[in-house]
> 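First the structure, which I've put down as structure tokens, then a few questions once you've had a look.
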Amino acid sequence: MPFQTINILGVPVASVTMTDAVEQVEKYIDERANVQIATANAEMIMNAQRDERLMGILRKAALVTPDGAGTVWAAHHLGCEMPERVAGYDLVQELLKRAPKKNHRVYFFGSAPGVADKAKAEAERRYPGINIVGTRNGFFTKVDEPAIIEDIRKSEPDILLAALGVPKQEKWIDSHLPELGVPVAIGVGGTLDVMAGVMKRAPLWMQRAKLEWLFRGMMQPKRAGRLMALPKFVIKVMHQK
Ligand code: UDP
């Protein structure tokens, strides 16, 4: 990775601004690099503590951005200059915004049936001229996989967005990256849900108050248990130091 990284509980997170991250992704596209990019929040880093495969994937990813207030806090706590948060949703919007001019082709893979198509319509409304070359929902079995891979291959996207949730999206990308042949694949969690309007993102004031995690916990009570990852993360990072 061409940036300084900080080791947060084993995960090498790049010290990057949004601009750095966008430019680096575009560089990988120009190089037809065939790489995975991840956006790491505290929950993902905690998942990686007990999921060796996920940890391995994050350690070899071409770029891991600091998604979430927890990750930025940890970097600062460990003495690294971390200029800002580079959240998956925001990174995707920047890339989509620049895609028409750059002639970048994008594929939306994941989320519930119908959602990726809605997200595509929304992308076309927001970013006139954008070329979303394919969509596929994220609910499938092993027998469907060859057809999914074939569809992505023949659509020839420059950017593959995989919205299957953590760690499924990271593992799926890792397993299929060479045969997919895409320059860049990014795991984007709930991004398509938010674009399609089926899920809300935290209001800006909450994002600025570093409370997006709380908002997500409130909106999806199923996730409330997952909120415990954050205090555990803080304690572990304090020990790392
Ligand atoms: N999802 C999917 N296939 C699955 C499980 C989940 O496509 O087998 C989708 C789900 O519909 C949602 C996204 O993955 O759009 C997960 O979003 P979430 O915000 O939970 O992501 P995380 O925070 O886990 O990255």
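Scope of the values below: all heavy atoms of this structure, side chains included, with no hydrogens, waters or symmetry mates. Remember, it's 1-based here, ligands and their atoms both numbered in the order they're listed.
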> Which protein non-hydrogen atom lies closest to atom 8 (O) of ligand 1, naming both residue and atom, and how far is it?
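Of the protein heavy atoms, K168 NZ, 2.7 Å lies nearest.
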> Atom 3 (N) of ligand 1: which protein heavy atom is closest, and how many Å away?
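Residue, atom and distance for the closest contact: G138 O, 2.7 Å.
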> So which protein heavy atom does atom 13 (C) of ligand 1 come closest to, and at what separation?
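Atom 13 (C) of ligand 1 sits closest to the protein heavy atom G189 O, 3.6 Å.
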> Angle class for the W172/H176 ring planes (parallel below 30°, perpendicular above 60°, tilted otherwise)?
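The arrangement is tilted - the two ring planes meet at 30° to 60°.
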> I'd like to check whether F139 has a polar contact with ligand 1, where a contact means an N/O of the residue lying under 3.5 Å from an N/O of the ligand.
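There is no such contact.
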> Considering non-hydrogen atoms of the protein only, which is the closest contact for atom 7 (O) of ligand 1, and what is the distance?
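For atom 7 (O) of ligand 1, the nearest protein heavy atom is S111 N, 2.8 Å.
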> Answer yes or no: does an N/O atom from M199 fall short of 3.5 Å to an N/O atom of ligand 1?
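Looking only at distances, the answer is no, because the N/O contact criterion of under 3.5 Å is not met.
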> Judged by non-hydrogen atoms, does Q220 sit under 4.0 Å from ligand 1?
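The answer is no, since Q220 has no heavy atom less than 4.0 Å from ligand 1.
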> How far is atom 6 (C) of ligand 1 from the closest protein heavy atom, and which atom is that?
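Ranked first by proximity to atom 6 (C) of ligand 1 is L164 O, 3.4 Å.
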> Quick test: of every protein heavy atom, which one is nearest to atom 9 (C) of ligand 1, and how far off is it to 0.1 Å?
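Going atom by atom, the protein heavy atom closest to atom 9 (C) of ligand 1 ends up being A163 O, 3.4 Å.
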> Grab the two heavy atoms, one from Y89 and one from T191, that are nearest each other, plus how far apart they are.
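Of all heavy-atom pairs spanning Y89 and T191, the closest is CA-OG1, 3.7 Å.
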> For atom 18 (P) of ligand 1, what's the nearest protein heavy-atom neighbour? Residue, atom name and distance, please.
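Nearest neighbour among protein heavy atoms for atom 18 (P) of ligand 1, to 0.1 Å: R223 NH1, 3.7 Å.
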> If we ignore angles and hydrogens, is there a donor and acceptor under 3.5 Å between the side chains of Q93 and R126?
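Indeed, the side chains of Q93 and R126 share at least one donor-acceptor pair under 3.5 Å.
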